[in-house]
There are 2 protein chains.
Amino acid sequence: MTGEKNNKTTIIPIPTIRRLPLYHSFLLTVRDKENIHISAPGIAKELHIHPTQIIKDFSYINVKGRTKVGYEIKGLIKILEDFLGYHILRKAFIVGIGNLGIALIKYHEFNNEGMEIIAGFDIDSDKLETNINNLELFHINNFKERINKTPIDIGIIAVPACQAQEIADLMIKNGVKAIWNFSATPLSAPDNIIIENTSIDSSLAMIKWKLHENKPLIYKNRVL
Amino acid sequence: MTGEKNNKTTIIPIPTIRRLPLYHSFLLTVRDKENIHISAPGIAKELHIHPTQIIKDFSYINVKGRTKVGYEIKGLIKILEDFLGYHILRKAFIVGIGNLGIALIKYHEFNNEGMEIIAGFDIDSDKLETNINNLELFHINNFKERINKTPIDIGIIAVPACQAQEIADLMIKNGVKAIWNFSATPLSAPDNIIIENTSIDSSLAMIKWKLHENKPLIYKNRVL
DNA sequence: TTTTAATAAAGAAATATTTCCTTATTAAAA
DNA sequence: TTTTAATAAGGAAATATTTCTTTATTAAAA
Ligand SMILES: NC(=O)c1ccc[n+]([C@@H]2O[C@H](COP(=O)([O-])OP(=O)(O)OC[C@H]3O[C@@H](n4cnc5c(N)ncnc54)[C@H](O)[C@@H]3O)[C@@H](O)[C@H]2O)c1
Ligand SMILES: NC(=O)c1ccc[n+]([C@@H]2O[C@H](COP(=O)([O-])OP(=O)(O)OC[C@H]3O[C@@H](n4cnc5c(N)ncnc54)[C@H](O)[C@@H]3O)[C@@H](O)[C@H]2O)c1
């Protein structure tokens, strides 16, 4: 949340945090191209984010650019990765080895972004037979036992909406610090538990509403 | 974007739109339970959204509650579905029949939320052999031909980041109105094209940053 | 019937976030 | 070398969003 600037503590806006991985991803695509530097307007053109927004975002994480030149690409990538903790590998369990669960397990990029899924759980024994990246799969009844053996930080929920709260409670009871919820139902949790709702259905709602209204956004350039 | 209130046009905040499907999903879980009504504080307790926020959100779509009683659940569900256009089925193509693409194709709930995926495309011919829900699969080279035969509103991008812009350009050139982008790279598009970036990686970044900072949110109750 | 307490509504205030404006810097062009 | 134009930076302003406060309503309790 905080970044030091001189001595003052500045508060980093949540939307800024959400944009940082976008910058990171974009910068990877321009690294090793002809230029060593990229300017805010240069990024803005591709990402449809206002250039001063980009400069502000970078200033929150104490990144300074050079006038007339911009930002050094590789250095910026490094700073973003450090800030976002890509080099600190957090252990995770995933519950729900369904369609989405399998996609998440197979997505290797998470390892580069600092999350390692080390076990999967399902209530359906048939699902435990499948081999996905050699991931260890267990029945949900074994959750407590496994987490006691290997404590984890992140619990990923990919079960149907009606089961999500139950699994969340199980995770919280067993010391999970952060819950990543892919079900459409928001979860109840104590304030000390980090909850991230990735609601794919909310995204669809946004698209459908924009199609229906067919009006420009209030903040034209807002990407997230 | 707009809701009529008396004669004045009110602007609906984007975060409100994103919360509406969460209310909808939650209300489904309490429908057919003992109570006919639910109050804003009642919803707030489960969803960790401030009760006055909920009342405000509902007021934007002209939903009125009854003092001491709250909101009639079934009627509210209906209004939300109408507002979000769940009953208007929009046609969609999906490009990228990989791990995530398959999960999205298999997710039947989209049909209830007003989106029907009617064809899939990939560059890898092997992928076109797989049978997923009997969906018609084509080589990406046939995109233009297929869209001319059956115009669609929504193009879903589930290809690797480096290919995403190319596919977006193809979609735009062929009249797609809205692009739903699951790749980590934000896309460039003319202003009249609706772009929705569902950045799963941004969500992870948020979790990792909160784990690292271990500080409360500024807006405590913010769920999206 | 009267009182109490829970609630919605509406507007005000507080807070958060983006965009604008002005200045300073500096690479590249003249 | 001097000028020009592109850019970053920092603060101000504008805008957006959430939260608070007050008031009115009404179901339930007394
Ligand atoms: N697939 C998608 O593209 C998609 C899109 C939007 C939202 N979602 C959400 O993601 C979640 C998962 O979706 P899906 O398509 O993978 O569903 P799915 O039905 O394919 O998989 C759900 C899995 O959870 C398991 N499960 C159910 N109850 C369980 C329990 N108590 N403990 C452990 N495992 C349990 C099931 O056996 C199944 O394997 C759902 O909440 C869905 O709404 C998915
Ligand atoms: N799987 C996940 O859980 C996950 C998580 C976060 C982000 N993503 C993003 O979603 C996207 C898809 O991820 P995935 O895991 O399904 O990857 P994947 O590699 O499994 O699938 C990608 C598919 O796209 C196809 N493809 C490549 N170039 C193409 C082209 N030009 N035209 C048509 N098809 C083409 C490939 O043949 C492949 O089938 C990626 O951008 C990824 O970053 C996925």
Side-chain angles (χ1 to χ4, degrees), chain A residues 1-3 5-6 8-20 22-23 35-45 47-73 75-76 215-224, chain B residues 1-3 5-6 8-20 22-23 35-45 47-73 75-76 215-224:
Chain A
M1 172 167 303
T2 53
K5 204 190 253 176
N6 307 328
K8 280 183 310 195
T9 295
T10 54
I11 291 181
I12 304 179
I14 290 173
T16 295
I17 308 283
R18 292 194 188 275
R19 280 188 297 265
L20 295 181
L22 304 186
Y23 299 134
N35 294 317
I36 296 172
H37 296 92
I38 192 161
S39 68
I43 300 172
K45 205 154 41 91
L47 265 48
H48 280 216
I49 298 173
H50 202 284
T52 51
Q53 180 76 81
I54 295 169
I55 296 170
K56 272 253 149 66
D57 284 345
F58 290 166
S59 80
Y60 287 124
I61 55 172
N62 294 319
V63 169
K64 308 273 177 191
R66 278 175 59 201
T67 301
K68 273 280 257 188
V69 174
Y71 303 86
E72 202 263 310
I73 296 170
L76 185 47
K215 289 215 176 123
L217 284 177
I218 302 156
Y219 282 115
K220 276 216 329 260
N221 298 304
R222 186 154 166 171
V223 293
L224 274 184
Chain B
M1 174 168 301
T2 53
K5 203 189 252 176
N6 309 325
K8 280 181 309 191
T9 294
T10 53
I11 291 181
I12 304 179
I14 290 173
T16 295
I17 309 281
R18 292 194 187 274
R19 280 187 297 265
L20 296 181
L22 304 187
Y23 298 134
N35 295 316
I36 295 172
H37 297 92
I38 191 159
S39 67
I43 300 173
K45 204 153 44 89
L47 265 49
H48 281 216
I49 297 173
H50 202 283
T52 53
Q53 179 77 81
I54 294 169
I55 295 170
K56 270 256 150 62
D57 284 344
F58 289 166
S59 79
Y60 286 124
I61 54 173
N62 295 318
V63 169
K64 309 273 176 191
R66 279 173 59 202
T67 301
K68 273 281 258 189
V69 174
Y71 302 86
E72 202 262 309
I73 295 169
L76 185 48
K215 289 214 176 126
L217 285 176
I218 302 154
Y219 282 115
K220 274 215 331 256
N221 297 303
R222 185 155 168 170
V223 292
L224 274 183

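Atoms NE2 (A:His50) and P (D:dT15) sit 13 Å apart, rounded to a whole Å. The nearest whole Å value for the distance from the CD1 atom in B:Ile55 to the P atom in D:dT22 is 17 Å. In this entry the distance linking CD1 of B:Ile14 with P of D:dT18 reads 11 Å, nearest Å. Atom pair B:Ile61:CD1 and C:dA9:P shows a separation of 12 Å (rounding to whole Å applied). Between the CG atom of A:Asn62 and the C1' atom of D:dA8 there is a distance of 15 Å, given to the nearest Å. Atom pair B:Gln53:CD and C:dT15:P shows a separation of 16 Å (rounding to whole Å applied).
Using a 4.0 Å heavy-atom distance criterion, B:Phe58 is classed as making no nucleic acid contact. Backbone-only contact: A:Pro41 has heavy atoms under 4.0 Å from sugar-phosphate atoms and none from a base.
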Exercise. Where each pair must be Watson-Crick or G-U wobble with both distances under 3.5 Å, what dot-bracket representation of DNA chain D is obtained, with crossing pairs in [ ] and other-strand partners as |?
Worked result: ||||||||||||||||||||||||||||||

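Side-chain N/O atoms of B:Arg19 include none lying less than 4.0 angstrom from OP1 or OP2 on D:dT17. Not one side-chain nitrogen or oxygen of B:His37 sits closer than 4.0 Å to the OP1 or OP2 atom of C:dT7. In this model, the phosphate group of C:dT7 is approached by a side-chain N or O of B:Ser39 to a distance below 4.0 Å at OP1 or OP2. Under 4.0 angstrom from either OP1 or OP2 of C:dA10 there lies at least one side-chain N or O belonging to B:Lys64. In this structure, A:Tyr71 reaches the D:dA9 phosphate: one of its side-chain N or O atoms is under 4.0 Å from OP1 or OP2.
Here the closest non-hydrogen pair linking B:Arg19 and B:Ile49 is CD-CD1, 3.8 Å.
Residues A:Tyr71 and A:Ile55 meet the side-chain proximity criterion, which asks for heavy atoms closer than 4.5 Å. Side-chain atoms of B:Glu72 and B:Ile36, non-hydrogen and from C-beta on, do get closer than 4.5 Å to each other. Inter-residue side-chain proximity for B:Leu76 and B:Phe58 is flagged as met; some heavy-atom pair is nearer than 4.5 Å.
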Scan nucleotides 27-30 of chain C against the protein and return all N/O pairs shorter than 3.5 Å with their distances rounded to 0.1 Å.
{"residue": "C:dA27", "atom": "OP1", "partner": "A:Arg66", "partner atom": "NH2", "Å": "3.0"}

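When distances run from any side-chain atom of B:Thr52 to the nucleotides D:dA9, D:dT21, C:dT17, the shortest one goes to D:dT21.
With hydrogens and angles ignored, a donor-acceptor pair closer than 3.5 Å exists between the side chain of A:Lys56 and the base of C:dT19.
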